[in-house]
Each structure stands twice: as structure tokens, then as C-alpha cells.
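One structure is given here, and the rest of the page talks about it.
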Amino acid sequence: MLSRRTRLRLSIVFTLLVLFVAAVYLGGSYLLQRNGVEKLDWHGLSLSSSGLNVKDLQLTQRSSAGTLELHSEGLQLAWRDFGFSMPFWQHLDIGSLTLTWLAAIEELEPDTPPTDLDLQRLAAPLALLPRSLRIERLAATLPCARGQCTATGNLKLLRGEDDHLAVQLDLHHQTQVINGSLTLRPRNDAIDLQLTLAVDQQPQVTVKSSLEQAGDGLNWNGQLDATQLTQAAALQSWLSAWSVPEGTQWPGAPGEVSLQGSWQLTLPSRVMDVDNLLAASGEVDVQGTLPQPWPFPGLGQLRGQLALTAHNQGQNWIATRVEADLQLTEPNADWLSALPPELRSESLRVQVQPDTPLDGLRNDLTGRSLPLKLTLALRGATRLDLQGRLALASSAPWAVQFAETRLTTRTARVNQAGWQAGELSSDLKLAGHADATAVGLSIGQGSRLQAATLKGADLNAQKLQIDLGGSALDLKLQDGALQTWQFEGPLNLSTARLEQANLKPQGWRLQSQLAAADMVGNLRGKLSNDSELQLDLDASLDAKQNLQLKATLGELFLRSGNPLAKTLVQWPELLDLNSGRLNAVANLALSAGSNAPSVDLSITGKGLGGIYDRSELSGLDTSLHVKLARQRFDLYLQQLKIQQANPGLPIGPIEARIRYGAPLASAAKGTLEVNLAQAALMGGQVTLTPGRWDLAASNQLFPIQIRGLELQQLFTLYPAEGLAGSGTLDGDLPVRLGQNGIEVEKGHIAARQPGGRLQFSSEKIKALGRSNPAMQLVTQSLEDFNFTTLNSSVDYDQHGKLRLAMRLEGQNPAIENGRPIHFNINLEEDIPNLLASLQLTDRVNEIITRRVQQRMLQRNTAPKEP
């Protein structure tokens, strides 16, 4: 028998069902249509002692937001706490619920100002929830990044008398279960929330949050605890299934992560959006640890620790603590792939620690700086280490000041733009500042760049070093891009050995001051080498990229050595200057877009002395100007004076003024212009007639005049036993320069009137006369011969043979009362051997002696022409 109370309940339920059915028939159609319900079917409605049962229920609702389809099986409304209050379903059990939501195509709607967040209005819907809800099997198909995604699992909900809400949701993902629990507790003008995520009942993430109304705003406090996040890979896999489009996926997560944080914020208004969160006042503290590498898109594998504390007092967020020890491996940033392979690195480690405040803090950082110690290590093909002290802006706009900073790098090999550098390294001591608009660097003493080797197309340097200590570099930025730059300070270069086609290998050094801005600047300094050559340099580059370079050789005293001969490959090998003074000035100009520079070179010498080939020089004064421009070579010998040149017999003084010009492609086939060329020789003068000669022609004739040559001096120099005389000779020598060398053909020489005197007396000549009666008159006549006529033709070939066909007319007063005597004499002399013998019999320089002996050996061993 049913109790009276039970019978009363059943009567009430039956009455309600009758009323419910009547309502459905009388007004259901209108209500369903008004709420967009297109379909509502149920089957298997029954009553039991435990409650109202619906075996099968289907509902389809269509609205502007989309289409919702529900299908439940085994739905039960429990009798307990059943009443007339809303909702009258206080306890709801569902065996199986399938939910499908098809979102409508979004239409753009005009922006509406967000409404303030009202905690009471937020908590009001909680009263409409049942006291308990249990869904044993839940399948929800919802919109996601891949279109539609399905989640399966079970759901439990409990609501207490004080509207305390507890929700437990278990979702099946692959072979694991994602457990989510939510606890929501409303209070007077406040809401407390706790969210926990777990995997296979192992807690992973816990979030505690409290929202409380405070005047016109909200106080938001909370904590995040993910210190036991050992199933990050499972959570990431589940999230990526809903958040990443088909065909793509997030990089794999590490097996373990640790993250915790806390916040105490006061929101300026009740709207929970990003702008108000950034404008909130309060404090945030976050700490995270990645014990295993975690791939970050666009960066690489990241691991390490990070701690950050920041607060906002109503103006800007200010960082009060930053600590980090992060390591990046397998970098895959786009900028890294743009670097040459030899400059790429494999890992980066960054360490940040608190520090004491910097001295001399900039005004823009006063009151908002965070002092830090920074250590950065880059490893791979390029090795980089950075240690320094920073004052980092703790709020926007960003800025940093750094001091006591040292940057060192090392790269084994670099090959760029035709240059190869080996063991490239740097050691820079830096201080300065940087912000969004400018970067300023002060480079401390001892800062340098080095390369063990540097090779180019025509240059090879070893142990190259660039010293930058005391310099400053300033950069101007706009939107992160470089706009202008400026460098000023010392620039010192040195190399232990420089090899170049025009220079002899040795060490070089440059000490200079450089001032440059936006590829415009000037350099002033001194260039020197191991041979003690010193040049003053003055270089400038204008806005049109035109280069001007001036190199000045200060007065060089050759008595202490000749650094030019030890430096220049083109220095004449046979020229050895060992006394006097020499200076030079060279100007180089290179126009933008041109590969051919123009060069002006001026050389001045005073009192020079030395050796050229087998000739000794003394008292040489010269002024020489050389110009290279427009593929042309021009030389102007403004002055040449030689006190004496001695190729075996003394010549001098010598004077010359000469111009020469030729295309660079055929420098030996130019035009020679002689304004003056003369030399004193044996009391007389030898002169080249001024004129112009085109050396491109096969044969050139140089007319040489001989005036006033004294026989007495000739016989003094000529090594013939018993030969003496007097008289003055004049002549003309047509010297021809051609393919066979130097030749003289049909030259002429003659004695001036009234003639002269010859004396030739030796025991060998006398013995010849006694043995040959025909020669006796000749030998006797030449013992004291007064001539009135001395004429001779002169021929000289390319082999150095001089031939004289001489006619001699005169008398010997001791023979037949001085009757006239005529001689026709043919002489032949090897001039090179004659000069060599003269040099070897004189006390000449050891260098000349050695060269003469070597030349004679070459002539004697050379094959004879047929």
C-alpha cells in the first residue's frame, strides 16, 4: 500500500503531466515556432518511483547563430526536490546525449560598445541550473579550426543551496582522458573560481581566481599552478586537434613543464577585455621552467627557466624583476637562413640576473630602469659570447643602457664576395644605449677585430688586426629600420704580412682617425711598414661616392736606408740610392661608378747619390710629375740635374727636361718630347737636339751633338800606354733606336782648327818599327805629331762595336824638316768591354764590380752570331 504522502505526490505529478500535455497541444506550436524549434519529438515517456523517464528525445533548433541538434537517450527527471520553482527539474540524469552545433555564416554587425561586467548579472543564470546533472555518455560535435570536431566523454554537475557550482568533465582523447573540473562560488559582489585540468586523473594545471566589485571597478586576484605539468604533450595534442587547421599541427610539446604565477589587479572598469587588462593596476608574477627542449615556431627548441614580476601603479606596466636562463637549440628563424652557412649557429643561451644600478643613468631611464646582468652565448659555426650590465626600461617606451659589456666572437672561416677570411675573431668592449629611435655605442680601449688570414683576388694578408678602441658608433632608426649612421674615432690596422702584386711582402700598419656618416667621411692617418716607409694619408668620400686620397711621403733621408726599394716591386732593380733626400706626394681620385682611378704623383729629390746598373751617380736633383687618367700615362721630368755619372768615365753635370705620354695599354709606345738633354763630357758638351719622337714607330733617330771634347782628357782616361795629346773635337752622332737596339751609322767627329798634338811612345811600338822598316816612319812620326786635320766617321752596332775610320794630317818637326804626313787609320773597339775594363781598373763600388763581372761573364758565354 502506498502511503498517503506518496499518493499525494503522484496525484500532483499526474495533474502536472495533464496540464503539460494540454499546454503542448494548446500553445506548444506557437512557443516552439517562436524559439526556432523546428523539431521536438520524444518517445517512451513513463513514470516510476524514481522519477519521470523519457526513453528518447530529439530536438532541432535553428536561429541566426546556427543550428542545434540534440538527441538524448535514457533521460530521467528525479522526484527528489521536485517542486514548482524554476527550474522544476532539480535532478537530471541522462544516459546518452549527442549534441551537434552547426554555426551559421557570420555576418558583419556594427560594433556596439561593450557593456560593463556585472557580477550579480553574471551569477544570476546559476539559479536556473539543476541541482545535479549527470551525463554518462556525451558526444558533442562543435565548430573548430578543422571545420567540425567531436568530443566524447561524460559530465557531472552539482549546485549547492548557496548556488555553489561544481562541474566535472571527462573527455576521451586517443588513449587518454582529459579531466576538467570547475568550481564556482558566488558571494556578495564577488565570484570565486577554481579550474583544474588533469590527464588520467593526474592534476596538471590549477587556476584559482577571485573577482570582487570595488567601487566602479573590479579587483581580480588569482593564482596559476602548473608545477606538475608532466602531460603537456597530451594537453597540446588535444588543443591542437581543435585549434590547428587540417594538414598542420603544433610542434611536439615536451614531456614536462613547470609554470606558476599570481596576480592582484584592479580593473579600471568592469569590461574584461585586453585593453582594460593592460590598463589595470596591480602586480603580476610569473615563473616558468622548461626542463626539456620545447619547439617554438620560428625560433627552435627552447628550454630553461624564466621569472618575471611587474606592477602597474596607474601609468604603465613596470618590470621589477627579471631572471632567466634560457637555451635555444636547432634554431630555425627566417633571419638565420639568410646568413651564410659559416656564420650560422646551433645554440643560443641567455642568462639574466638582477644587478646593482648603473652609474650615470640617462634621464629617459630615471625612475623606470631595471638593473640586470646579461650573459649570452652563441655556439656553432660562429661562436659568440656577450657579458654586460644593463639598465632596462621597465615600462614603455622600451630603452636600454649598457656598460662594462664585452662581446667576443670567433668564426673559423668566412667566404663572401670573393674574400676568404680564416680564424675571424672580435673582442669589443662596449657601452652605450638603445631605444626605438637610436643606438649609440662607445667602443672601449682594447677593442679589436682580427683575422688569421684574409685573401682576395690580388691581396693576401696574415694576422690582420683592426683596433677600434676609443671610437663611437651612432645609429638612427625609424620603424625598426636603419635610417642614418655615424662613426667617429681611431681606426688602427696592422698586418704581420701583406702580399700584393705591386708590393714586397712585409708587415704594414695604419694609425688613423675616421669620421664617417652615411657613406660620407674622411680619414687622416699615418701608414708605415717594416721597411720604415711612412706615409701621411688624407682620404675623403663625398655624397656622390667620389673618392679622394692624398698620400704624402715626408722627407726621406736615404743615407739610413731606402724603404721605397724595399717596398715597391716596380722599383728598378739596378737602381740603388744611398744618399740624399727624397719626398713625394700622390693624389688619387676615383669617381662613382668608375673602375679606373686617376693618379697624380710628384717626386722631388735633392742631393741623391747611388748606383744605377754599373754607373755611379752623385749630386742628383730631380722634380718628377706622373699622371694616370683616362687610361693614359703622362710623365713630366721638370728637372733632372746630375753632378756626375760614372759608367767607366766621368760624365757631368747632366741636365734634362723631358715629357712622355702613352696609353696605359701600350705604355712603351708613347710620345717622347725632349726640351733639354745635355751632359758635360771630357771638357766638352754632349747635347740631344730637342724634339718629339713617336716611339710606336719601328726606328727613331736621335741627333746628338758633341762640342769641345778635349783629347787630353780622353787620353787621360783611355788606358793606352804612352799615348798623350791635345786638341778639341766636335761631332754629330745620329743615334738610331730600333728593334736591334742602339746603333750609330755615318756619324762624324773632327778636330777644331788649328788642330792639335799627338804623342805615342812605347817600347812595344818602337820594337815594331825596328822589326818592320815599313812601320818605322809611322812610329817615329807619332812620337811627336802635330796635326792640322783629324776627321773620323763613327759607326756603332747593336753588339757594342765602335768603328772609327780616321784621317790624320800633320807633321813631325823632327822628320824631314816637318814635311806633311797623312794617315788613314781604322780603329775598332768593344765599348762595353772597354767600359768594363775602365771600371775594373778604377776603385769603384763593390756592387758595380760584381755587376761588371757578371755582365762580362754573360757576354763571354753567349753564343756567337754567325
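- Distance alone, capped at 3.5 Å, places no donor-acceptor pair between the Q638 side chain and the T622 backbone.
- Counting all heavy atoms, side chain and backbone alike, E710 lies closest to G727 at OE1-O, 3.2 Å.
- Rounded to the nearest 0.5 angstrom, K566 NZ and L564 CG are separated by 11.0 Å.
- Residues L729 and L711 form a side-chain contact, since some pair of their non-hydrogen atoms from C-beta on lies under 4.5 Å apart.
- For the atom pair OG of S512 and CG of D538, the computed distance is 11.0 Å after rounding to the nearest 0.5 Å.
- Y796 places no side-chain N or O within 3.5 Å of a backbone atom of K801 that could act as its donor or acceptor partner.
- By the 4.0 Å N-to-carboxylate-O rule, E743 lies too far from R736 to be salt-bridged with it.
- Rounded to the nearest 0.5 Å, atoms CH2 (W508) and CG (L503) are 5.5 Å apart.
- Side-chain contact of Q506 with S531: a donor-acceptor pair under 3.5 Å is present, judged by distance alone.
- With rounding to the nearest 0.5 Å, the separation of CD1 in I704 from OG1 in T687 is 9.5 Å.
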* When you look at Q753 and T788, which way does the side chain to side chain donor-acceptor pair (under 3.5 Å) test go after all the steps? -> CA-CA 7 Å; Q753 293 299 322; T788 57; 5.9 Å; no

* To do: Start with the C-alpha gap between F785 and F823, add the side-chain angles, then the distance that decides, and say whether ring-ring contact (aromatic ring centres under 6.0 Å, His included) holds.
  => CA-CA 11 Å; F785 188 76; F823 291 105; 5.5 Å; yes

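- Side-chain atoms of D621 and K606, non-hydrogen and from C-beta on, do get closer than 4.5 Å to each other.
- By the 4.0 Å N-to-carboxylate-O rule, D634 lies close enough to R632 to be salt-bridged with it.
- The shortest non-hydrogen separation linking L424 to A421 is CD1-CB, 4.4 Å.
- Between the side chains of R807 and N824, a donor-acceptor pair is found at a separation under 3.5 Å.
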* To do: Give the intermediate values and the outcome of side chain to side chain contact (heavy atoms under 4.5 Å, CB included) for residues L582 and I603.
  => CA-CA 7 Å; L582 187 69; I603 301 175; 3.7 Å; yes

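- Results of the side chain to side chain donor-acceptor pair (under 3.5 Å) test with D730 over R752, H748, Q685, R707 single out R752 as the only residue that passes.
- With a 4.5 Å cut-off on side-chain heavy atoms, F702 and L733 do not count as touching.
- Put simply, the side chain of K550 reaches to within 4.5 Å of the side chain of V585, judged on heavy atoms.
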* Test side chain to side chain donor-acceptor pair (under 3.5 Å) applied to N502 and Q570, step by step -> CA-CA 7 Å; N502 298 315; Q570 288 86 356; 2.5 Å; yes

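- Within the model, atoms OG of S494 and CG of L464 stand 7.0 Å from one another, a figure rounded to the nearest 0.5 Å.
- Side-chain atoms of Q639 and S623 include no donor-acceptor pair closer than 3.5 Å.
- Listed for the N546 side chain is a donor-acceptor partner under 3.5 Å among the backbone atoms of A592.
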* Asked: Does the pair L804 and V794 meet the rule for a side chain to side chain contact (heavy atoms under 4.5 Å, CB included), with working shown?
  -> CA-CA 5 Å; L804 302 176; V794 180; 3.7 Å; yes

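- With hydrogens and angles ignored, the 3.5 Å screen pairs a side-chain donor or acceptor of W693 with a backbone N or O of L701.
- By the 4.0 Å N-to-carboxylate-O rule, R448 lies close enough to D467 to be salt-bridged with it.
- Taking the side chain as every heavy atom from C-beta outward, Q678 and L676 approach each other to under 4.5 Å.
- At least one side-chain heavy atom of P490 sits under 4.5 Å from a side-chain heavy atom of Q513.
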* Asked: Where do Y660 and V674 land on the side chain to side chain contact (heavy atoms under 4.5 Å, CB included) test, with the steps shown first?
  -> CA-CA 9 Å; Y660 181 76; V674 177; over 6 Å; no

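- Exactly one residue among N529, N492, T495, D530 makes a side chain to side chain donor-acceptor pair (under 3.5 Å) with R509. That residue is D530.
- A724 and F715 get closest at one heavy-atom pair: C-CD1, 3.5 Å.
- K746 has no carboxylate O lying under 4.0 Å from a charged side-chain N of D795, or vice versa, which leaves the two without a salt bridge.
- Here R757 pairs with D784 in a salt bridge; the nearest charged N to carboxylate O distance falls below 4.0 Å.
- Minimum heavy-atom separation, R559 to S579: NH2-CB, 3.8 Å.
- Here the straight-line distance linking atom OG of S471 with atom CG of L514 works out to 8.0 Å at 0.5 Å rounding.
- Checking R581 against N583 by side-chain atom types alone, no donor-acceptor pair falls below 3.5 Å.
- Here the shortest heavy-atom pairing between F787 and A751 reads CE1-CB, 3.7 Å.
- The two residues L688 and P703 come nearest to each other via the heavy atoms CD1-O, 3.4 Å.
- For the pair L468/L449, a side-chain contact is recorded, criterion being any heavy-atom separation below 4.5 Å from C-beta on.
- You'll find the side chain of L491 reaches within 4.5 Å of the side chain of L523, heavy atoms only.
- Under the 4.0 Å criterion applied to side-chain N and carboxylate O atoms, D536 and K526 are assigned as salt-bridge partners.
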